[in-house]
Protein chains: 2
Amino acid sequence: MKQGLIDEVRAFNRFYTDIIGLLNRNFLDSPYSLAEIRVVYEIFHHKGIRASQIMEIMHIDKSYLSRILKKLEKDGLLLRERSEEDARAFLLSLTEKGNTEFQWLNKASNEQVTTLLAPLTEKKKETLVRHMQNIIRILTPENNRNENN
Amino acid sequence: MKQGLIDEVRAFNRFYTDIIGLLNRNFLDSPYSLAEIRVVYEIFHHKGIRASQIMEIMHIDKSYLSRILKKLEKDGLLLRERSEEDARAFLLSLTEKGNTEFQWLNKASNEQVTTLLAPLTEKKKETLVRHMQNIIRILTPENNRNENN
DNA sequence: AAAAATAGTTGACTATATCAACTATTATTA
DNA sequence: TAATAATAGTTGATATAGTCAACTATTTTT
């Protein structure tokens with residue numbers, strides 16, 4: 001593999017990490033951490049999900065997740081119901097308040113992105129998004145099976 | 001601004017953040033955190049840099065940086081010399097050992113990227129890098145002045 | 001029926017990061 | 001030029017993020 005390619009990927013990573021860091025630092029007026037927000041996001045998008053599934057998706061420790069869920073429940077955002085098929089597990093969903101909070105965070109995140117894109121022309125915005133979509137396509141594992149190098 | 005664009009950017013961000021998280025989790029056999037490695041990186045690339053400059057580049061608190069520098073110095077990676085122009089400041093550089101450690105981290109990081117790219121064909125690798133370069137170009141502020149939307 | 005695996009919780013701990021107060025020096029301004 | 005403000009960096013106290021090992025309660029495997 002050409003060293004140049006590796007350097008370019010690392011350069012992109014530094015660049016992108018900096019942007020994200022900047023956005024995240026300026027982001028939150030919410031009392032929730034990025035991990036907590038991500039958990040709320042997953043529950044919103046997968047109503048009835050189990051903690052063990054979130055654990056796998058997010059690659060976080062179950063003890064950490066347990067504490068996050070405890071906080072979300074204490075704050076009244078989260079509903080846990082015992083699963084009927086498996087009495088060890090909970091089925092997770094958002095309460096009314098949890099949904100409201102999610103909408104709020106969603107809106108804040110959109111505004112953040114809008115701010116990031118604001119200096120760009122419409123054409124550049126579209127080009128940017130096309131590049132992003134292509135990167136996702138290239139890096140998605142299913143797209144890279146059974147090919148020779 | 002079209003909502004679709006915003007959603008696509010957020011989708012990319014989730015995707016990329018997950019990849020980076022995965023790489024970072026699998027990364028380090030080194031006793032240094034990502035922040036510490038980034039500091040070493042900056043000093044390697046800007047010999048004689050001051051702490052206050054690193055602070056600005058990395059957007060981290062001076063007290064946190066101070067502790068990172070203390071650790072790097074204790075471990076024998078870092079050399080601090082009082083600036084002659086400004087007796088408050090230090091000029092930072094890496095010791096022999098610091099350079100060696102940097103080379104090691106650099107190699108480890110390259111291997112990480114190599115692993116990420118391994119499943120791709122050469123053509124895809126090159127396309128990927130081109131997309132990344134374009135994103136950097138589009139999002140670099142200097143490229144977006146004085147244009148109408 | 002016993003053993004192993006899974007779901008989740010808790011206590012103790014480490015790592016990461018911030019804030020406010022401090023010393024020492026340099027730059028500004030009255 | 002003396003007083004004031006600003007900058008460079010350090011430290012103590014504290015907050016936040018995250019891990020590890022041990023535990024209970026179930027379910028699955030043998």
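A, B, ... follow the sequence lines: proteins, then strands. Residue 1 opens every chain. This is a predicted model, so every value here is computed, not measured.
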May I ask you to list the residues of residues 78-86 of chain B, by number, that have any heavy atom positioned under 4.0 Å from an atom of DNA chain D?
B:R80
Between atom [atom1] in [X] and atom [atom2] in [N], what is the gap in whole Å?
X: B:L69; N: D:dA8; atom1: CG; atom2: C1'; answer: 12 Å
X: A:L34; N: C:dT16; atom1: CG; atom2: P; answer: 17 Å
X: A:I54; N: C:dA7; atom1: CD1; atom2: P; answer: 13 Å
X: A:I37; N: D:dT16; atom1: CD1; atom2: P; answer: 15 Å
X: B:Y32; N: C:dA15; atom1: OH; atom2: P; answer: 13 Å
X: A:M58; N: D:dA17; atom1: CE; atom2: C1'; answer: 12 Å
X: B:E36; N: C:dA15; atom1: CD; atom2: C1'; answer: 10 Å
X: B:I68; N: D:dT10; atom1: CD1; atom2: P; answer: 12 Å

Hey, any chance A:V40 and A:W104 share a hydrophobic cluster, counting ILVMFWY side chains that come within less than 4.5 Å of each other, even indirectly?
yes
Of all heavy-atom pairs between B:L69 and B:A51, which one has the smallest distance, and what is that distance?
CD1-CB, 3.8 Å
Smallest heavy-atom separation, B:H131 atom then A:H131 atom, equals ND1-ND1, 2.8 Å
So, OP1 or OP2 of D:dG9: does either fall under 4.0 Å of a side-chain N or O from B:S63?
no
Check this one for me: any side-chain N or O of B:S52 less than 4.0 Å away from OP1 or OP2 of D:dT7?
no
Find which nucleotide of DNA chain D each of B:S66 and A:A35 is nearest to by heavy atoms, and output the residue with the more 5' nucleotide.
B:S66
Picking from [options], which would you name as closest to the side chain of [X]?
X: B:F90; options: D:dT26, C:dT9, D:dT10; value: D:dT10
X: A:R88; options: C:dT10, C:dT6, C:dT26; value: C:dT6
X: A:R67; options: D:dG9, D:dC20, C:dT9; value: D:dC20
X: A:A87; options: C:dC19, D:dT26, D:dA17; value: D:dT26
X: B:R50; options: D:dT11, D:dA8, C:dG8; value: D:dA8
X: A:Y64; options: C:dT16, D:dA17, D:dG9; value: D:dA17
X: A:K62; options: C:dG8, D:dG9, C:dA24; value: C:dG8

Among B:K71, B:K70, B:K74, find the residue that satisfies the salt bridge (Lys or Arg N to Asp or Glu O under 4.0 Å) test when tested with B:E36.
B:K71
Does the side chain of B:N134 come under 3.5 Å of the side chain of A:R130 through a donor N or O and an acceptor N or O?
no
Begin with the C-alpha distance, continue with both residues' side-chain angles, and end with the deciding distance and a verdict on side-chain contact (heavy atoms from CB on, under 4.5 Å) for A:Y41 and A:L105.
CA-CA 9 Å; A:Y41 173 92; A:L105 290 169; over 6 Å; no
Indicate yes or no for a side-chain donor-acceptor contact from B:R38 to the backbone of B:M58 under 3.5 Å, with no hydrogens or angles considered.
no
So is A:R50 actually on top of A:F90's ring, under 6.0 Å and inside 45° of the axis?
no
